[in-house]
K.L.:
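First, the structure itself, so that you have it in front of you.
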Amino acid sequence: MRIDVITLFPDFIAQCAAFGVTGRAGERGLLSLHGWNPRDYAEGNYRRVDERPFGGGPGMVMLIDPLRAAIEAARAADPVPAKVIYLTPQGAPLTQAKARELAARERVILLCGRYEGIDERLIEAEVDEELSIGDYVLSGGELAAAVVVDAVARLQEGALSDAESAEQDSFEGGVLDCPHYTRPVEHELGRVPDVLLSGNHADIARWRRKESLGRTWQRRPDLLDEAALTQADHKLLDEYRARFAE
Ligand SMILES: CN(C)c1ccccc1CNc1ccc(C(N)=O)cn1
């Protein structure tokens, strides 16, 4: 998958993706990341990328032309067509389902705003989708872009070893992840649940599913409504809830 990021701080994005799973995905050729800086396409001695807002008010607005030129340069760098996604608090929420959908695409161009945002005419002319990573305001779209890069990189085939399988992740099956334990069995902080030491894989899978369902019920009941639960799941959840009924 190829991701082009339009940003005033290309190094920022490169650094975010340079480590761990995303770094490995890059080394394995599963993901290629390219930064395009609008300032490289800004005219005049001051190479302006922003200007004061019409109608007054605080802050600055990003100019159309440097952004437009950077987007065109990104498009021209690869024959594969790409959708432009603008990271903004006004965007549709990023979910695991959305990440999976993006991860299946061959190319994506991510547009990062700074200052108070971007001239609306550029958004209307060039932006295909607007995405938000949550209901809060950041000083720029770069952190949101880095989140998207990470979420799609780990979903690339071959990015995660079996052990790290993305399947068990929270939200993957629409429910939260179960608790995890490793050595030592006995610790001053407590003991590992016996079922995990039993070697009985059916019991272990059952316990994990019950814990996932139970946690989702306790922490994110909104997710539970969405998750397609089997009869067996409902039984596990009843057992989990019974724990609190005593
Ligand atoms: C500078 N601001 C406020 C701004 C204004 C408009 C667009 C982009 C930005 C860049 N900031 C962002 C970007 C994304 C998110 C998010 N929740 O995904 C939060 N903040």
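Atoms considered below: every heavy atom in the structure, side chains included; atoms not considered: hydrogens, waters and symmetry mates. Read the numbers this way: they start at 1 and go in the same order the structure lists the ligands and their atoms. Please read these numbers as outputs of a predicted model, since none were measured by experiment.
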K.L.:
Relative to the heavy atoms of Y86, which atoms of ligand 1 are at a distance of less than 4.0 Å?
P.N.:
6 (C), 7 (C), 8 (C)
K.L.:
Mark up the atoms of ligand 1 that fall under 4.0 Å of a heavy atom belonging to G113, in ascending order.
P.N.:
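Matching atoms, with element in brackets: 10 (C).
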K.L.:
Among protein heavy atoms, which lies nearest atom 3 (C) of ligand 1, and at what distance?
P.N.:
V137 CG1, 3.4 Å
K.L.:
Is the shortest N/O to N/O distance between L138 and ligand 1 below 3.5 Å?
P.N.:
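Yes, L138 has an N/O under 3.5 Å of an N/O on ligand 1.
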K.L.:
Evaluate the criterion side-chain contact (heavy atoms from CB on, under 4.5 Å) for residue pair D50 and R48; output intermediate values, then yes/no.
P.N.:
CA-CA 6 Å; D50 64 316; R48 291 203 68 92; 3.4 Å; yes
K.L.:
Answer yes when K235 and D233 have at least one side-chain N-carboxylate O distance shorter than 4.0 Å, and no when they do not.
P.N.:
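Not counted as a salt bridge, because no side-chain N and carboxylate O are separated by less than 4.0 Å.
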K.L.:
Which atoms of ligand 1 are found less than 4.0 Å from any heavy atom of Y136?
P.N.:
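This gives 17 (N), 19 (C) as the contact atoms.
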K.L.:
Which word best sums up how the rings of W217 and Y240 line up, parallel for under 30°, tilted for 30 to 60°, or perpendicular for over 60°?
P.N.:
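Judged by the thresholds at 30° and 60°, the geometry between W217 and Y240 is perpendicular.
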K.L.:
Among all protein heavy atoms, pick the one closest to atom 13 (C) of ligand 1 and tell me residue, atom and distance.
P.N.:
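Looking only at protein heavy atoms, the one closest to atom 13 (C) of ligand 1 is L87 O, 3.5 Å.
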K.L.:
Backbone or side chain, does any N or O of G134 fall under 3.5 Å from an N or O of ligand 1?
P.N.:
yes
K.L.:
Check E129 with R105, please: is the shortest side-chain N to carboxylate O separation under 4.0 Å?
P.N.:
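Salt bridge present between R105 and E129.
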K.L.:
Is there a polar contact, in the sense of an N or O pair closer than 3.5 Å, between L131 and ligand 1?
P.N.:
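Such a contact does not occur with ligand 1.
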K.L.:
Could you tell me whether E211 and R243 have a side-chain N and a carboxylate O separated by less than 4.0 Å?
P.N.:
yes
K.L.:
Would E116 count as a polar contact of ligand 1, with the cut-off being nitrogen or oxygen pairs under 3.5 Å?
P.N.:
no
K.L.:
For atom 4 (C) of ligand 1, what is the closest protein heavy atom, and at what distance to 0.1 Å?
P.N.:
P89 CD, 4.3 Å
K.L.:
Measure the distance from atom 1 (C) of ligand 1 to every protein heavy atom, then report the residue, atom name and distance (to 0.1 Å) of the closest one.
P.N.:
Y115 O, 2.8 Å
K.L.:
Does the ring of F244 carry R241 above it, NZ/CZ under 6.0 angstrom from centre and within 45° of its axis?
P.N.:
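Checked: cation-pi criterion not met.
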K.L.:
Between E126 and R121 (salt bridge meaning N to carboxylate O under 4.0 Å), is one present in this structure?
P.N.:
no
K.L.:
Before you tell me yes or no, could you show the steps for R107 and M1 under side-chain contact (heavy atoms from CB on, under 4.5 Å), namely the whole-Å CA-CA distance, both residues' side-chain angles and the distance that decides it to 0.1 Å?
P.N.:
CA-CA 6 Å; R107 266 195 93 183; M1 178 175 190; over 6 Å; no
K.L.:
In terms of residue, atom name and distance, what is the protein heavy atom nearest to atom 18 (O) of ligand 1?
P.N.:
I133 N, 2.8 Å
